[in-house]
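Below is one structure; the comments refer to it alone.
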Amino acid sequence: MATKSKANTATPNTFEQLLDYGKGNGYKLDWLQQRETFGKELEIPSNGGGLLLQDVDSGPFAEVPAWTNNVTGRPRGALTRPSAARIGKYGIRTKADVWLKNGAQLYEEAVQRQWSSATDIPWHELEELPDEIEQAECQLATFLTEVEFVAGDVPGRWISETSPDYYEPRMFLISQIMDEARHADVFRKRALANGGGLLQQNSSAALAGASIDSARDFTEMSARLHISGEGLVLSIFRMGERMAYNNAEKAIYRLAASDESRHVAFGVMHLQYVSQTDPERSEEIHSYLDEIELGLVAGTGGQNPAVRGTPSNAAIMTLLGGGTDEASLREGEQIAGAVRQRQVKEYIQRIKVAGFGDRFTNGRAAAGLTEYISA
Amino acid sequence: MATKTPTKRATAKKTKFPSVAWFEAVAAITRVDAQYQKFGRLNAVIAFKSGNSIVQANFDVLHIHEIQEIEEDEMRDCDFIIELEPAQWKDMLKDIKKNGTASLDWTLNTLDLKYDEPIHRNDLEDGFKADLFFRYLPSLQVYFDNSSQIDTGY
Ligand SMILES: [Fe+2]
Ligand SMILES: [Fe+2]
């Protein structure tokens, strides 16, 4: 960051003088170059939000190439060094393949809204629960520990695929993995902290992860993970506050939901960028959405913990209804049903923002979607 | 998120809800709230609607400013709106006053799920902006929980 005092003293003349002095003393100094931003005063925001990436990136540093051959790990905007070795296996070298508007903002928000599962959850407020409720909590926490593990794994592999010229989405994904690690750890803690334990693995979570992980490109992965999978998990976390039996559980779900909605926002903004800049991919994206919607209405794909007939859904019904007797389960199922409807409505809103809302009016969307909402 | 003890100010005048003064009073407490600061930056202009009364506030990093009454047609410029019936606002705020923080039935999130329609929306059906409600929910809950520290009149 060039400071004001530098701006006053380091005029081009001074720079030239220094260069001449160095060269006169036997130094080659061919690496020493003056950038176009040198000496320019930077406005430091005074709104208490600190200095953000979007505040400092200007001029050549803010120019994001539509296509890049940067495979040497050169920071975006830095000058090339011809002898630099190729180090990266960067498959993502096209901007539209990974870009989004406001990626830096989302990353900065992620950094500032971190929390600790150790100290931000009032664990001392956990109290003894009826056995069937504790078991349901543990079953759900087992499922979520498994899901969060996958949620970290999947975006992880795209980080090293992305050229440093697209560092904003890359750094957001790094923050997402930190979030997912925290989610995996907080649900593990919940399963173990109250005299319960991890219960049965839910194989559908691993299957869902595998199917997302087989995505051929970043946009496909993002639609499946950020918009579909994490959109569904966000609803579960929001429902979690209603399922909470104490302030510790309430805090877990509330804080995790806040993180999860950031991940969903990333996916929506990326898909919107694709729809605005790469219309040729429209049919391809719609085909991903076709599959995603099948998962939403029919429960295929194993992404939705609220789908009937799964251990996680049984746990959710127990927690929402307050017990395992028939009346409680019926009540729990009723609430879960309402939340499933909300999941679909929110999905539709997000797809509209992403620019693929035509599928809801031209008959392309899964037939069951509207039925599902009005059910 | 430890439960806060409600503090009573016996001599304090009641601040009417909804009003600019009420949102200002809660904002003044929230700006210096360690939990609010811990939850980190926000970036949203939010409208709070109760009956015909609409108050807007700009949650800008950790500042809460530009608190003002707005007209119905200005809500479209807000990132999202939180709307409850006057009686629901009253019951929520009374619950917060009684317990220091919202009890499980009265958190913003529970209220958002409880009724047929969510309590939050973007007036132009912009789902991205509406989703800011979820992103900032922990902070907004701290904001409303802080109303336990003032005496609210209706
Ligand atoms: Fe997560
Ligand atoms: Fe996530």
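Order of the sequence lines fixes the chain letters, A, B, ..., with proteins taken first and strands second; residue numbering starts at 1 for each chain.
Your options are A:S235, A:A265, A:A248, and the one with the most heavy-atom pairs under 4.5 Å with chain B is A:A265. Among the candidates A:R262, A:E109, A:E346, A:R242, the residue making the largest number of heavy-atom pairs closer than 4.5 Å to chain B is A:E109.
Put simply, the side chain of B:L137 does not reach to within 4.5 Å of the side chain of A:S258, judged on heavy atoms. Taking the side chain as every heavy atom from C-beta outward, A:L52 and B:R41 approach each other to under 4.5 Å. Put simply, the side chain of B:L62 does not reach to within 4.5 Å of the side chain of A:Q112, judged on heavy atoms. Contact of the A:K345 side chain with the B:P118 side chain is not registered, since no non-hydrogen atoms from C-beta on lie closer than 4.5 Å.
Residue contact with chain B, scored on non-hydrogen atoms closer than 4.5 Å, involves the side chain of A:L234 exclusively. For B:Q37, no part sits under 4.5 Å from any heavy atom of chain A, backbone or side chain. For A:V111, no part lies near chain B; criterion is any non-hydrogen pair under 4.5 Å. With a 4.5 angstrom heavy-atom cutoff, B:S103 touches chain A only via backbone atoms. For B:D112, the parts sitting under 4.5 Å from any heavy atom of chain A are the backbone and the side chain alike.
The distance from the OG1 atom of B:T107 to the CZ atom of A:R238 is 9.5 Å, given to the nearest 0.5 Å. For the atom pair A:R350 CZ and B:F128 CZ, the distance stands at 11.0 Å (nearest 0.5 Å).
Pairs passing the side chain to side chain donor-acceptor pair (under 3.5 Å) check and including a residue from residues 18-32 of chain B, sequence neighbours excluded, read B:W22-B:T152, B:T30-B:N146.
With sequence neighbours left out, the side-chain contact (heavy atoms from CB on, under 4.5 Å) criterion links B:E125 to A:Q349, A:K352. Qualifying side-chain contact (heavy atoms from CB on, under 4.5 Å) partners for B:L104, counting only residues two or more places apart in sequence or in other chains: A:A244, A:K250.
Close approach to chain A, defined as a heavy atom under 4.5 Å from one of its heavy atoms, is seen in no residue of residues 68-75 of chain B.
Residues A:S116 and B:K38 share a closest heavy-atom pair of N-NZ, 4.5 Å. Closest of all the heavy-atom pairs between B:T110 and A:E241 is OG1-OE1, 3.9 Å.
Not a single donor-acceptor pair under 3.5 Å links the side chain of A:R254 to the backbone N or O of B:P138.
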